[in-house]
Amino acid sequence: MISGEHQDLDSAALERLRGRLNSYMAKKGLRSTAQRRLIIDTFFEGASHMTIEDLLNEVRGRDKGIGYATVYRTLKLLAECGVASERRFGDGLSRYELADEATTHHDHLICVACGKIVEFEEPRIEELQEEIAVRHGFAITSHKHEMYGTCPDCQQTA
Ligand SMILES: [Zn+2]
Ligand SMILES: [Zn+2]
């Protein structure tokens, strides 16, 4: 699996996320402006693990008038209502991807040389984590599994 693509998108789950966002915005009295809709659509259709700057560049390709603050606030909104997950991979940047229920639960391999992010799913790791949690009497609500190293391309140029 290559980073930068939303994988295995489940259209029913996407509809649920959109529904959750709409009711959250209604509850907060937030209007669905054209700019906000464009940012949200671009996020839903765009690559995974986008930073605020990445998303800003994408939306500016479609509407030059959109500012950093609007993109920032919209991403925060998506994260607040659980539509987007915020991830940090040690470079000081926040990256955003659609919540797990729209993709499938996955973990990450991060190249510390070029920043490439690869997603993987490994049932054996999930199972082991569950066993460890049980052993320690924990009820797990979420987990993050991140591996840092160098990708094949960067090993070649080293
Ligand atoms: Zn690399
Ligand atoms: Zn991911």
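Counting convention: from 1, in listed order, for ligands and their atoms alike.
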Distance-only polar pair, side chains of His106 and Glu121, donor-acceptor under 3.5 Å: no
Distance-minimising heavy-atom pair for Lys116 and Asp153: NZ-OD2, 3.6 Å
Nearby protein N/O/S atoms (those under 2.8 Å) for the Zn ion (ligand 1), with water ignored: Cys111 SG, Cys114 SG, Cys151 SG, Cys154 SG
Residue and atom names of protein N/O/S atoms that fall under 2.8 Å from the Zn ion (ligand 2): His49 NE2, Glu97 OE1, His106 NE2, His108 NE2, Glu119 OE2
CZ (Arg62) with more than 12 external heavy atoms under 6.0 Å: yes
Residue pair Ser48 / Glu119: nearest heavy atoms and the distance that separates them: OG-OE2, 3.6 Å
Shortest non-hydrogen contact from Leu21 toward Cys81: CD1-SG, 3.8 Å
Main-chain N/O of Ser32 paired to Arg37 side chain as donor or acceptor, under 3.5 Å: yes
ILVMFWY cluster membership beyond Ile140 - transitive side-chain contacts under 4.5 angstrom: Phe138
Aromatic plane relationship, Tyr72 with Tyr68 - under 30° parallel, 30 to 60° tilted, over 60° perpendicular: parallel
Residues forming a salt bridge (charged side-chain N to carboxylate O under 4.0 Å, His left out) with Arg135, sequence neighbours excluded: none
